[in-house]
Amino acid sequence: MLDNIKYLMCLKTVDKNIVDNNFDIALDKLNFLIKEEYKPSITFLKRGKLCKKLLMFDDAYSDFTYIIGHCQQKKEAYYERALLNLEIANYYEAITDANTILEWDCDNFEIKRIKFLALVFSLQSNKAKDFIMEFFEFHKYKSIQFIFKEVALALAKDEFTKALRLLELIDMIDQDNPIKLLKESNIYGLIGNKVKQEEIAKQIDSVFPKYFVSHFRFSDMYQDKDLMEICFLLELEIFDKQGLFLYPFRILEGYKNYLEGHIIDSKECFEKAIRINPQKPEGYVLLAQTLQLMSGYDNPEHKLNAEENYKKALEIFENENLLDRVEDMKRQIRHLNSTINFK
């Protein structure tokens with residue numbers, strides 16, 4: 001009979017055998033330990049992991065399932081079986097295991113990822129979309145970026161069908177997404193379908209302008225957008241081959257720099273935006289706010305430049321009869337002058 005010390009020593013030699021790639025020896029030792037029926041949950045788990053490493057998936061599945069059905073310590077076996085089910089395309093079982101795990105480990109990111117992928121690859125697209133949107137608290141851009149990462153992982157394994165299936169899901173969240181179309185076109189190129197590749201590439205040229213306009217408001221364009229959304233919109237600049245949106249892209253870039261604390265870069269972007277289109281008010285407003293921040297309330301030159309830009313924006317708002325924005329600019333100027341007078 002084994003005692004605890006002998007058992008632990010044997011497990012230690014198993015670990016060394018695995019590190020040294022002596023897998024057959026490690027497997028024989030684990031088979032011996034299992035016959036001894038000493039701490040089966042640990043031994044079956046280790047053998048299951050080794051079998052999975054050796055691509056003996058049926059044996060690995062049997063070991064994990066034995067633990068779940070016969071042992072008290074079964075949580076780790078559930079994790080391993082959920083991942084294995086995903087890898088061997090037992091998608092419905094992967095979902096079942098994931099749901100079981102989420103009952104006691106509701107915030108486990110990897111298990112939520114397994115469930116999401118299993119939903120996608122089992123062709124339960126609507127459920128997958130609802131699950132991923134709820135997972136990211138209905139933040140569209142977080143959901144999209146997560147899916148793009150999964151597409152990259154699928155492509156790294158040459159799993160083109162899975163990558164395309166994931167991209168199809170993006171259409172359900174964000175229709176006619178140009179980045180999605182670009183990736184889709186590239187995948188068809190990789191699999192040798194040049195006709196489909198060119199067809200989608202042409203679609204991008206027609207889709208991009210209306211897509212960008214619909215996702216980018218030309219009034220208060222810098223408000224109500226978080227950093228992730230701004231970064232995503234900036235990625236679309238590669239599609240602006242005709243330079244139709246130079247002004248809003250500089251506004252976005254400047255506001256991104258502003259949010260990240262790169263104030264000098266932010267100032268330069270807003271100045272470029274004004275040079276591109278001096279008839280738009282947003283560049284003046286944002287440049288004024290940036291100069292106001294740069295002044296630290298003790299640099300008269302920056303304050304005067306800020307006031308000048310507020311006044312230019314005010315004039316444009318007056319010409320456009322946007323009375324609320326006119327009053328807003330007047331408040332900004334009064335606040336700026338009150339700090340000047342105070343100093």
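Between the side chain of Asn90 and the backbone N or O of Glu93 there is no donor-acceptor pair closer than 3.5 Å. Checked by atom type and distance alone, the side chain of Lys112 pairs as donor or acceptor with a backbone atom of Cys106 at under 3.5 Å.
Side-chain N/O atoms of Asp226 and Tyr141 include no donor and acceptor closer than 3.5 Å.
Note: Phe121 and Tyr91 have tilted aromatic rings, judged against thresholds of 30 and 60 degrees for the angle between ring planes.
Heavy-atom neighbours of Lys127 NZ from other residues, nucleotides or ligands within 6.0 Å: at or below the threshold of 12. Heavy-atom neighbours of Asn21 CG from other residues, nucleotides or ligands within 6.0 Å: above the threshold of 12. By the neighbour-count criterion of 12 heavy atoms within 6.0 Å, atom NZ of Lys311 is sparsely surrounded, having that number or fewer from other residues, nucleotides or ligands.
One finds a salt bridge joining Lys267 and Glu271 here, because a Lys/Arg side-chain nitrogen approaches an Asp/Glu carboxylate oxygen to under 4.0 Å. Using a 4.0 Å cut-off between a side-chain N of Lys or Arg and a carboxylate O of Asp or Glu, Glu137 and Lys142 do not qualify as a salt bridge.
Each of Ile25 and Met56 belongs to its own hydrophobic cluster when Ile, Leu, Val, Met, Phe, Trp and Tyr are linked at side-chain heavy-atom distances under 4.5 angstrom.
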Using side chain to side chain donor-acceptor pair (under 3.5 Å), reason through Glu282 and Tyr255 one step at a time and then give a plain yes or no. CA-CA 11 Å; Glu282 295 85 9; Tyr255 196 55; over 6 Å; no
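Aromatic pair Phe136/Phe146: ring centres closer than 6.0 Å. Checked against a 6.0 Å centroid threshold, the rings of Phe239 and Phe245 do not count as neighbours.
Shown here are the salt bridge (charged side-chain N to carboxylate O under 4.0 Å, His left out) partners of Lys157, two or more places apart in sequence or in another chain: there are none. With sequence neighbours excluded, no residue satisfies salt bridge (charged side-chain N to carboxylate O under 4.0 Å, His left out) with Lys29.
Counting all heavy atoms, side chain and backbone alike, Ile200 lies closest to Leu181 at CG2-O, 3.3 Å. Residues Ile187 and Ala163 share a closest heavy-atom pair of CD1-CB, 3.7 Å.
Annotation: ring-ring contact (aromatic ring centres under 6.0 Å, His included) contacts involving residues 147-196, sequence neighbours excluded, are absent.
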